[in-house]
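Note on naming: letters A, B, ... go to the chains in the order of the sequence lines (proteins, then strands), and numbering restarts at 1 for each one. Only heavy atoms go into these numbers, but all of them, side chains included; no hydrogens, no water, no symmetry mates.
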There are 2 protein chains.
Amino acid sequence: MTRLPVYLRSLLELASDQVSTVSSERLAELSGVNAAKVRKDLSYLGSYGTRGVGYDVGFLVDQVGRELGTTRDWPVVIVGLGNLGRALANYHGFGTRGFRVAALVDADPALVGESIGELTVVSIDQLESVVARGQVAVGIVATTAGSAQDVADRLVSAGVRSILNFAPVVLSVPDGVSLRNVDLSMELQVLTFYQHQAHPQHLGTASA
Amino acid sequence: MTRLPVYLRSLLELASDQVSTVSSERLAELSGVNAAKVRKDLSYLGSYGTRGVGYDVGFLVDQVGRELGTTRDWPVVIVGLGNLGRALANYHGFGTRGFRVAALVDADPALVGESIGELTVVSIDQLESVVARGQVAVGIVATTAGSAQDVADRLVSAGVRSILNFAPVVLSVPDGVSLRNVDLSMELQVLTFYQHQAHPQHLGTASA
DNA sequence: TAGATTGTTAATCGATTAACAATC
DNA sequence: TAGATTGTTAATCGATTAACAATC
């Protein structure tokens with residue numbers, strides 16, 4: 001369920017504001033969704049609310065966190081240390097959700113041995129061994145489009161079961177492997193699409 | 001339509017491979033979707049295919065590109081130049097889609113004046129003026145969660161109508177402003193959710 | 001003409017949400 | 001008891017996709 005992390009974020013915010021109880025209405029507002037949807041989503045986890053009262057924030061944080069596995073340790077390998085890979089390597093937002101960058105891998109010999117944060121970049125030749133040694137569960141692909149599928153294949157055969165892909169290409173992975181894609185250009189393109197529809201061109205023949 | 005950029009990416013790939021004609025079946029395969037969906041999406045743009053033959057790749061690139069506004073110039077302002085903001089400022093994938101980083105803005109006086117790529121970071125005090133001067137249409141929010149809403153408000157009142165938000169917070173924007181969110185921790189969390197469901201814990205009481 | 005493939009209809013599926021009985 | 005709010009049903013909505021007539 002893709003909305004659970006959003007609820008967790010809102011709940012953690014409430015908890016840090018010392019709020020002890022929250023209604024589905026309020027949680028929905030904070031999370032930017034419909035209240036009925038919140039209740040339905042939460043009821044899927046179990047019957048954790050109290051009619052007439054609402055949900056206990058602390059208890060719900062525990063339950064949602066447990067469902068999402070945030071208390072687990074998720075070692076992550078980042079493949080490709082261009083600008084984006086570096087930003088991810090230095091990103092401190094992962095820690096609180098159980099993610100830990102365990103290894104940095106790049107194919108460029110010039111980058112191998114370089115320190116980024118507290119880690120040292122290792123060669124792509126060692127991909128399989130760092131995955132095995134670090135019990136890496138998640139791979140982040142921040143390579144060029146050209147090498148992304150090859151990297152994904154190697155991650156999968158090394159045992160990685162979750163891949164977050166930043167390369168602008170459609171990857172194929174076997175059943176049982178989770179894949180998500182973030183394509184920054186595409187996000188911008190979707191965003192401006194609506195704008196362009198409303199106010200096309202600004203060129204040539206005027207339309208208004 | 002959020003799939004158009006995916007089709008465009010596949011079509012550009014075909015074009016660079018000198019492929020002149022493509023069927024909905026093949027385009028669907030390359031884009032990772034259903035063929036009927038491709039035909040339906042494309043028919044919304046107009047009747048650009050030929051029955052029994054397929055679609056002309058070059059022509060379709062033009063039509064989809066025009067629909068998406070890729071030939072237009074989209075000046076972008078990046079607010080917040082931490083690791084992520086820097087990576088975005090240096091990212092070269094934007095150019096081919098019509099996006100151009102026109103200004104870099106940060107609230108930290110220590111960063112103002114610094115050169116990143118070909119641009120110089122300016123103070124947040126000048127946000128409104130750089131937006132106006134550069135006719136900036138798109139704002140990228142790469143600040144902390146705490147300042148994101150304030151930045152978004154200022155972008156909107158300065159005239160920005162499309163916002164891409166990387167801060168881990170739900171932003172509210174008025175009608176007519178497009179908003180998309182990319183939360184990296186959340187992507188990872190959604191990703192590992194399915195994995196965690198299949199193989200929970202690895203702690204305490206064994207379940208298998 | 002026979003084969004291929006589009007464009008579009010209509011059926012299917014799943015997600016969203018209003019509504020309300022249950023109940024604190 | 002009266003008010004509030006959950007959990008869940010059932011209706012609604014929109015998106016997906018199979019199927020096929022149109023037609024190159």
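For dT5(C), the OP1/OP2 oxygens have no side-chain nitrogen or oxygen of Y48(B) closer than 4.0 Å. For dT5(D), the OP1/OP2 oxygens have no side-chain nitrogen or oxygen of S23(A) closer than 4.0 Å. Contact between the side-chain N/O atoms of S24(B) and the OP1/OP2 oxygens of dT5(C) is not found at any separation under 4.0 Å.
Side chains of S178(B) and Q195(A) form a contact here, defined as non-hydrogen atoms less than 4.5 Å apart. Residues L184(B) and F94(A) meet the side-chain proximity criterion, which asks for heavy atoms closer than 4.5 Å. You'll find the side chain of I78(A) stays beyond 4.5 Å of the side chain of L119(A), heavy atoms only. Using a 4.5 Å heavy-atom cutoff, the side chains of Q149(A) and V169(A) are not in contact. Under the 4.5 Å side-chain criterion, counting only non-hydrogen atoms from C-beta, L42(A) is in contact with Y55(A). Taking 4.5 Å as the limit, some side-chain heavy atom of V38(A) sits within range of a side-chain heavy atom of Y7(A).
Between R26(A) atom CZ and dA4(D) atom P the separation is 18 Å, expressed in whole Å. The CG-C1' distance, from L27(A) to dT6(D), rounds to 13 Å in whole Å.
Within 6.0 Å of CD on Q63(B) lie more than 12 heavy atoms contributed by other residues, nucleotides or ligands. Around the CD atom of Q135(A), the shell of radius 6.0 Å holds no more than 12 heavy atoms that belong to other residues, nucleotides or ligands.
Counting only Watson-Crick and G-U wobble pairs whose two key distances fall under 3.5 Å, DNA chain C forms stems of three or more stacked pairs at C:3-24 with D:3-24.
Between the side chains of S162(A) and T192(B), no donor N or O sits under 3.5 Å from an acceptor N or O.
Within residues 2-12 of chain A, no residue has a heavy atom under 4.0 Å from DNA chain D. Only N34(A), A36(A), K37(A), R39(A), K40(A), listed by number, bring a heavy atom of residues 29-47 of chain A to less than 4.0 angstrom from any atom of DNA chain C.
In this structure, H196(B) contributes its side chain and R66(A) its backbone to a donor-acceptor pair below 3.5 Å. Using a distance-only test at 3.5 Å, with no hydrogens or angles considered, no donor-acceptor pair links the side chain of H199(B) to the main chain of Q197(B).
Among residue pairs with one or both ends in residues 145-166 of chain A, those qualifying as salt bridge (Lys or Arg N to Asp or Glu O under 4.0 Å) are E128(A)-R154(A); sequence neighbours excluded.
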Pull out every protein N or O sitting under 3.5 Å from an N or O of nucleotides 22-24 of chain D, one pair per line with the distance.
from    : atom 1 : to     : atom 2 : distance (Å)
dA22(D) : N3     : R51(B) : NH1    : 2.9
dC24(D) : O4'    : R51(B) : O      : 3.3
dC24(D) : O2     : R51(B) : O      : 3.4

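Applying the salt bridge (Lys or Arg N to Asp or Glu O under 4.0 Å) criterion to R3(A), with sequence neighbours excluded, gives D41(A).
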